[in-house]
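In what follows, a single structure is set out as C-alpha cells and then discussed.
Computed over heavy atoms, backbone and side chain alike; hydrogens, waters and symmetry mates excluded.
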Amino acid sequence: MGKRVEVLILTIVVWVMTTACGMNKADEHTNTTAIEIQTEEITTQLPIVKQSTSSEVVSTEQNVTVTEHMTEEVTTQGAQSEEQVTDVTSTEQATDQYIGTYNDYDNNEPSLTISLNTDGSYHVQMEIFRLTSLDDGVGSLTDRGLEFVATDAAGNPIKGLITLEGNEAVVTFTDSTWELITNGDSYRYVRAN
C-alpha cells in the first residue's frame, strides 16, 4: 500500500511540474491551445519502509520509474477577434427590438410597455384609449412576433400578437371573448424610447 501511495504522489508531482512548464508554450494568437506533453521517464530513489517480524523498522531504497503521458487544453488570454466582440444572435436583437415604451396616437401618452421578465418571458402592459387597460400580459417571442395573453375587463383571457413596423408596434387581438374587442382588431403605438 505504501509503494502505491508514493508512486501516486510522484505522479501528481510530475503532472504539476509538466503542466506548469507547458503553459509557457501556449500560442498567444489563439484563445485555446492544445499542449501535448511528451512521454517522460523519471527515475528516482524513494525510501521504502518495511516492518519486520520482530517489530523493527527497516528502511531500504528502491528505484521507481514513472511514465507519464498527458494532453491538456489551456485557455490563454489573447486579443479577442472582432467577430467575438460583435457577435449578437438574431434572438437577442429581436428581444431588444420589442422592449420599450410606446405612445398611443390619440393622446401621445405612454400606453404600451414591454419589458423582459427574469424567466425570459415578456411583461406586456397596455391601455387602449377610452376603452380598457391590460396590465398582466405575459408574452413570448415567436416567428410571427410577440404573442401575449392577458386578462380582459370581464376577467377572461384575451390573446394578441405584437408586430413591429419601423418605429411602430401593432397590437392585433387574435382570441377575444370580450364584446368590445373582436378578433382582428388592431391598435398602433409609436416608440417613445
Side-chain angles (χ1 to χ4, degrees), residues 19 22-36 70-193:
T19 301
M23 291 178 86
N24 292 332
K25 298 178 184 177
D27 186 3
E28 293 179 8
H29 299 291
T30 59
N31 287 340
T32 305
T33 306
I35 300 173
E36 187 170 318
M70 299 168 33
T71 300
E72 181 176 330
E73 195 169 278
V74 177
T75 302
T76 60
Q77 292 182 348
Q80 292 182 339
S81 69
E82 189 172 316
E83 289 177 17
Q84 290 172 325
V85 173
T86 60
D87 183 28
V88 177
T89 66
S90 60
T91 304
E92 290 170 334
Q93 290 173 345
T95 300
D96 292 342
Q97 289 177 350
Y98 284 90
I99 295 172
T101 301
Y102 300 82
N103 293 341
D104 68 2
Y105 281 99
D106 293 321
N107 60 7
N108 200 27
E109 297 273 330
S111 297
L112 173 64
T113 304
I114 302 170
S115 58
L116 193 60
N117 293 322
T118 57
D119 66 357
S121 66
Y122 291 85
H123 182 233
V124 178
Q125 293 178 304
M126 67 180 296
E127 291 184 32
I128 302 172
F129 186 65
R130 294 188 180 165
L131 182 61
T132 192
S133 60
L134 308 170
D135 59 0
D136 64 347
V138 176
S140 62
L141 194 59
T142 68
D143 291 339
R144 297 177 26 187
L146 180 63
E147 294 181 354
F148 71 92
V149 176
T151 306
D152 66 20
N156 297 315
I158 187 168
K159 295 181 181 180
L161 175 69
I162 302 172
T163 56
L164 299 177
E165 294 178 4
N167 67 340
E168 292 184 351
V170 180
V171 178
T172 304
F173 288 94
T174 58
D175 189 7
S176 173
T177 58
W178 192 44
E179 60 189 35
L180 297 178
I181 295 179
T182 59
N183 293 342
D185 285 354
S186 291
Y187 299 89
R188 292 184 168 271
Y189 301 88
V190 65
R191 184 180 288 274
N193 61 4

Spatial distance of atom [atom1] ([X]) from atom [atom2] ([Y]) [nearest 0.5 Å]:
| X | Y | atom1 | atom2 | value |
| --- | --- | --- | --- | --- |
| R188 | T163 | CZ | OG1 | 7.5 Å |
| N107 | R130 | CG | CZ | 8.5 Å |
| D104 | I128 | CG | CD1 | 10.0 Å |
| I114 | H123 | CD1 | NE2 | 11.0 Å |
| L146 | Q97 | CG | CD | 11.5 Å |

Which atom of [X] lies closest to which atom of [Y], heavy atoms considered:
| X | Y | value |
| --- | --- | --- |
| S176 | I158 | OG-CD1, 3.5 Å |
| Y187 | I181 | OH-CG1, 4.5 Å |
| L161 | F148 | N-CE2, 3.9 Å |
| Y189 | M126 | OH-CE, 3.2 Å |
| R191 | Y102 | NH2-OH, 2.8 Å |
| I162 | Y98 | O-CE2, 3.4 Å |

Test item: [X] and [Y] side chains (from C-beta on) under 4.5 Å apart, heavy atoms:
| X | Y | result |
| --- | --- | --- |
| N156 | W178 | no |
| T113 | T101 | yes |
| V171 | D185 | no |
| L180 | T132 | no |

**OP:** Step by step, work out the side chain to side chain contact (heavy atoms under 4.5 Å, CB included) result for Y122 and V138.
**Re:** CA-CA 6 Å; Y122 291 85; V138 176; over 6 Å; no
Original post:
Does a side chain donor of either S133 or D135 reach within less than 3.5 Å of an acceptor in the other side chain?
Top reply: no
Original post:
Tell me the side chain to side chain donor-acceptor pair (under 3.5 Å) pairs involving residues 136-147, sequence neighbours left out?
Top reply: D136-T151
Original post:
Counting distance only, does the side-chain N/O of N117 pair as donor-acceptor with the main-chain N or O of G120 below 3.5 Å?
Top reply: no
